[in-house]
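Every number for a ligand or one of its atoms is a count from 1 in the order of the listing.
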Amino acid sequence: MAKSALNNQETMGNRKILANRILNRLKKMYPEADCALYHNNALELLVATILSAQSTDETVNKVTPILFRAYPSAACLASAKAADMETIIKPTGFFRQKTKNIINTCKILVESFGGEVPRTMEELIKLPGVARKTANVVLGTWFQKNEGVVVDTHVGRLAQRLGLTWTGKDSKDAVKIEQDLMQILPRNQWTFFSHALIWHGRRICVARKPKCDACELSSLCPSAFSSE
Ligand code: SF4
């Protein structure tokens, strides 16, 4: 085998070893890591995840109980008046586009899926306002299907700091970061890993001034005590 191919294999092997060490530590740190968006079914999780774009889970969790009380099914959401929905979801930002996406998505759910949320990546990413991140949240969290890794702002940042992506420093290409993570993590851990990294990003490895002195990953982290 050519020397460069051997080097590539060795590098990938080292990345997998690092990823598994981090994964095992995260399991001890956050055994209960789960999605922070309140939901009682796949539809509520799908809508909450659409609302979470450019917003916080706390804000979404304040809005969704009101939204789902007013519109408790896909059919109700599909026939909502846009202006009424906009008023409810306004605190989450980008409320006009989100309203359009929720209403149009729910129309498709009613027309093509009997009002239910589809269970495949292929079907989910055709829905308005649903990209891989949202589909991964729904598939992994509700349907327990590990089809990908949820790459939100926390996972993207931590993957960079922890050396788990080779997209190039400061790259925010979520699709590429997801591909890198999928190569080095065991598939049955993809969803847990996403949730645990999000929890760690909120608590310790925050965007500005990560708390490296309180971080249980610091001995594994190539960016420890060197981030901004
Ligand atoms: S050591 Fe610092 S930079 Fe690395 S994961 Fe922990 S908090 Fe983040």
Side-chain angles (χ1 to χ4, degrees), residues 7-38 48-49 52-61 93 131-141 144 146-228:
N7 283 344
N8 286 346
Q9 264 189 13
E10 193 182 339
T11 306
M12 187 57 78
N14 288 338
R15 285 173 177 147
K16 285 185 182 173
I17 290 168
L18 174 64
N20 276 286
R21 284 186 180 148
I22 290 170
L23 172 65
N24 288 333
R25 216 167 277 186
L26 287 169
K27 283 184 184 171
K28 291 193 181 120
M29 292 157 63
Y30 306 114
E32 309 293 324
D34 203 353
C35 180
L37 293 167
Y38 299 157
T49 310
S52 71
Q54 311 293 326
S55 186
T56 65
D57 290 353
E58 291 73 25
T59 303
V60 174
N61 286 340
R132 276 193 67 90
K133 189 192 92 171
T134 300
N136 279 329
V137 171
V138 174
L139 291 170
T141 305
Q144 268 107 52
N146 285 293
E147 294 293 327
V149 180
V150 178
V151 179
D152 73 347
T153 180
H154 299 292
V155 174
R157 182 178 71 251
L158 269 69
Q160 288 283 5
R161 286 178 177 168
L162 288 163
L164 300 179
T165 177
W166 41 106
T167 55
K169 196 176 177 317
D170 299 330
S171 168
K172 291 193 164 73
D173 184 342
V175 173
K176 179 69 172 62
I177 293 170
E178 183 189 359
Q179 284 168 358
D180 291 345
L181 292 172
M182 287 163 73
Q183 280 190 69
I184 55 175
L185 288 161
R187 181 170 187 151
N188 65 357
Q189 300 296 319
W190 287 350
T191 303
F192 168 79
F193 187 84
S194 310
H195 292 321
L197 225 53
I198 291 166
W199 280 32
H200 194 58
R202 289 201 175 119
R203 289 161 175 74
I204 304 289
C205 193
V206 292
R208 290 190 185 186
K209 298 194 180 161
K211 302 167 189 168
C212 300
D213 49 0
C215 179
E216 292 178 59
L217 300 179
S218 61
S219 62
L220 300 172
C221 177
S223 311
F225 305 101
S226 64
S227 292
E228 65 273 46

Original post:
Hey, which atoms in ligand 1 end up nearer than 4.0 Å to a heavy atom of S218?
Top reply: 1 (S)

Subject >> Q189 versus N146, side-chain donor and acceptor atoms under 3.5 Å >> reply: no

Subject >> Close-contact set for ligand 1 against A224 heavy atoms, below 4.0 Å >> reply: 1 (S)

Subject >> Per-atom contacts, ligand 1 versus P210 - under 4.0 Å to a heavy atom >> reply: 7 (S)

**OP:** Mark yes when over 12 heavy atoms from residues, nucleotides or ligands other than R21 sit less than 6.0 Å from its CZ; otherwise mark no.
**Re:** no

Original post:
Of the backbone and side-chain N, O or S atoms of C221, does one lie nearer to atom 4 (Fe) of ligand 1 than 2.8 Å?
Top reply: yes

Subject >> For ligand 1, the portion of L162 having any non-hydrogen atom under 4.0 Å away >> reply: side chain

Original post:
Is there an N/O/S atom in C205 at a distance below 2.8 Å from atom 8 (Fe) of ligand 1?
Top reply: yes

Original post:
With R25, which residues qualify under side-chain hydrogen bond (donor to acceptor under 3.5 Å, both in side chains), at least two apart?
Top reply: S219

Subject >> Metal check, atom 2 (Fe) of ligand 1 vs C212 N/O/S, cut-off below 2.8 Å >> reply: yes

**OP:** Please name all residues satisfying side-chain hydrogen bond (donor to acceptor under 3.5 Å, both in side chains) with K176, sequence neighbours left out, ordered by chain then number.
**Re:** D180

Original post:
Between R202 and E58, is there a salt bridge with N-O shorter than 4.0 Å?
Top reply: no

Original post:
Are S226 and S223 close enough that a side-chain donor and a side-chain acceptor fall under 3.5 Å?
Top reply: no

